[in-house]
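One structure below.
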Amino acid sequence: MTKTAGGTEFAGEKAERLFSGQLSAEYEMLKLICPAAAAMSGRVGDFVAHMPAAPARPLNAVEIGCGTGITTLALLQAREDLVIAALDNEPGMLSQARDNLSAFIDQGRVRLIEADALAGLRALPTGSIDLVASAYAAHNFLEPYRVKVLAEIYRVLAPGGLFVNGDRYALDNTAEQTRLTQQEARHYFKTLSAINRHDLLEQWVIHLFSDESADHIMRLGPSLAAMRAIGFDPIDVRFRDGVNTLLTAAKPDA
Ligand SMILES: C[S@@+](CC[C@H](N)C(=O)[O-])C[C@H]1O[C@@H](n2cnc3c(N)ncnc32)[C@H](O)[C@@H]1O
C-alpha cells in the first residue's frame, strides 16, 4: 500500500481524497454553489421512504461517501426502520457528520466508518445489505475504481436489494456536457465572487476540472452499461435535470 498526497494506492485501486482541506472545512458552502445537491439528498430520502418495509426487522443500509451527513440525515428521517453504516474516507467530513448526526449515533441507528468505499464494502459479507445509498460520491472516483465499487455494491446486496444513487452523471452528448460545465463554472464565479471568496472559488474550479477529466467523468450511458454488465436489473433513471440524476439499480431476486 502506498500513501500519496491525494489518497491511498492499493494494488492499483486508487482511492483519492478530493475533499480534504478547505472544501471539507467549508462544505456547507455547497448550498450556495450547487443547490441541486441538497435537493438530491431529499430525493434519495423520499425514494427510500417509499421502499417496502423489510419483514419484521430493520432495513440494513450502507451509505457510500456520507460526507457531513446531509443525505444520511435525509435517509434516517425518511424511515425509522433504517440502520445505516455510513462510509467516508475524509476525516474532516466525518467529524462534521459526527456532530450533525449525534442524536442518531446515540440511538444506534447510524455508525460512521472511516474507510474508502472499496475497502469498506469489501469488509462486508456477501448478500448482507438491503440498501446501498449514495449522493454525489461515485462521480469523484477514478473510473476503474468506480467499476470495482459497483461490483462490490452488487456483491454485498441481498437478492432484491437496491442501490439508490443521486449523483452527477455527465451527458453522453459531449458538446452539451461542455456547455453545462461552462454554465456551472460561470455560476461558481458569480456566486463566490459576489461574496469575495476567491480562495474557495479556486478550490471548486479545480474540483470541477477533476470531475470533468477523462479518467473521472461518469457519463450516464457507460455507467448504465457497466451496471448492466455486473448484473443489476432493473436499472431505472428516476430523475434527471442536466447532470443531476437519481437512479436505482436492483440486484435481482434469487
Ligand atoms: C460531494 S461529497 C457528498 C457528501 C454527501 N454524500 C452529501 O450528500 O452531502 C462526496 C463525499 O464522498 C467522499 N469520498 C470521495 N471518494 C471517496 C472514496 N473513495 N471512499 C469513501 N468516500 C469517498 C468524500 O470524502 C466526500 O465526503
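Whatever order the structure lists them in is the order used to number ligands and atoms, beginning at 1.
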> Looking only at N/O atoms, are A117 and ligand 1 under 3.5 Å apart anywhere?
Replying inline: yes
> Run the salt bridge (charged side-chain N to carboxylate O under 4.0 Å, His left out) check on D88 and R17 step by step: do they pass?
Replying inline: CA-CA 10 Å; D88 203 287; R17 286 182 50 208; over 6 Å; no
> Any idea which atoms of ligand 1 are less than 4.0 Å away from a heavy-atom of E90?
Replying inline: 25 (O)
>> I need the single residue from D236, D241, N165, V164 that forms a side-chain contact (heavy atoms from CB on, under 4.5 Å) with L246. Which is it?
In response: V164
> Can D211 and R168 be counted as an ion pair, charged N to O under 4.0 angstrom?
Replying inline: yes
> Between R43 and F239, is NZ or CZ placed under 6.0 angstrom from the six-membered ring centre and within 45° of the ring axis?
Replying inline: yes
> Cut-off 3.5 Å, side chains only: do Y145 and D116 have a donor facing an acceptor?
Replying inline: yes
> Looking at ligand 1, does any of its N/O atoms fall within less than 3.5 Å of an N/O of Y136?
Replying inline: no
> Of the backbone atoms (N, CA, C, O) and the side-chain heavy atoms from C-beta on, which set of A115 has a member under 4.0 Å from an atom of ligand 1: side chain, backbone, both, or neither?
Replying inline: backbone
> Roughly how far apart are E63 CD and I84 CD1, rounded to 0.5 Å?
Replying inline: 6.0 Å
> Under 4.0 Å from ligand 1, counting heavy atoms only, is it the side chain of C66, its backbone, both or neither?
Replying inline: backbone
> For atom 19 (N) of ligand 1, which protein heavy atom lies nearest, and how many Å away is it?
Replying inline: Y145 OH, 3.1 Å
> Can you find an N/O atom of L87 closer than 3.5 Å to an N/O atom of ligand 1?
Replying inline: no
>> I need the nearest protein heavy-atom contact for atom 2 (S) of ligand 1: residue, atom name and distance, please.
In response: Y27 OH, 3.3 Å
> Judging by distance only, is a nitrogen or oxygen of H139 under 3.5 angstrom from one on ligand 1?
Replying inline: no
> Do L101 and L76 have side chains that get closer than 4.5 Å, going by heavy atoms?
Replying inline: yes
> What are the atoms of ligand 1, with element, lying closer than 4.0 Å to any heavy atom of I70?
Replying inline: 9 (O)
>> With heavy-atom distances below 4.0 Å as the criterion, list the atoms of ligand 1 near M93.
In response: 26 (C), 27 (O)
> Given the rule in the side chain to side chain donor-acceptor pair (under 3.5 Å) test, do T181 and E212 qualify, once you have shown the distances and angles that lead to the verdict?
Replying inline: CA-CA 8 Å; T181 309; E212 295 298 311; 3.3 Å; yes
> Which residue holds the protein heavy atom closest to atom 4 (C) of ligand 1, what is that atom called, and what is the gap in Å?
Replying inline: G65 O, 3.5 Å
> Are the side chains of W204 and L30 in touch, meaning some heavy atoms are under 4.5 Å apart?
Replying inline: yes
> Counting from 1, what ligand 1 atoms have a heavy atom of S41 closer than 4.0 Å?
Replying inline: 8 (O)
> Numbering the atoms of ligand 1 from 1, which are under 4.0 Å from a heavy atom of A137?
Replying inline: 12 (O)
> Which bit of N89 gets closer than 4.0 Å to ligand 1, counting heavy atoms only: side chain, backbone, both or neither?
Replying inline: both
>> Please determine whether side chain to side chain donor-acceptor pair (under 3.5 Å) holds for the pair Y169 and N244, giving the CA-CA distance in whole Å, both sets of side-chain angles, and the decisive distance to 0.1 Å.
In response: CA-CA 6 Å; Y169 284 90; N244 299 297; over 6 Å; no
> Considering only heavy atoms, which of I113, D88, T71 lies nearest to atom 7 (C) of ligand 1?
Replying inline: T71
>> Can you report which non-hydrogen protein atom sits closest to atom 16 (N) of ligand 1, along with the distance?
In response: F141 CE2, 3.3 Å
> Should you measure from each heavy atom of A135, which atoms of ligand 1 turn up under 4.0 Å away?
Replying inline: 3 (C), 5 (C), 6 (N), 8 (O)
>> With side-chain contact (heavy atoms from CB on, under 4.5 Å) as the test, pick out the partner of C66 among L94, T71, L75.
In response: L94
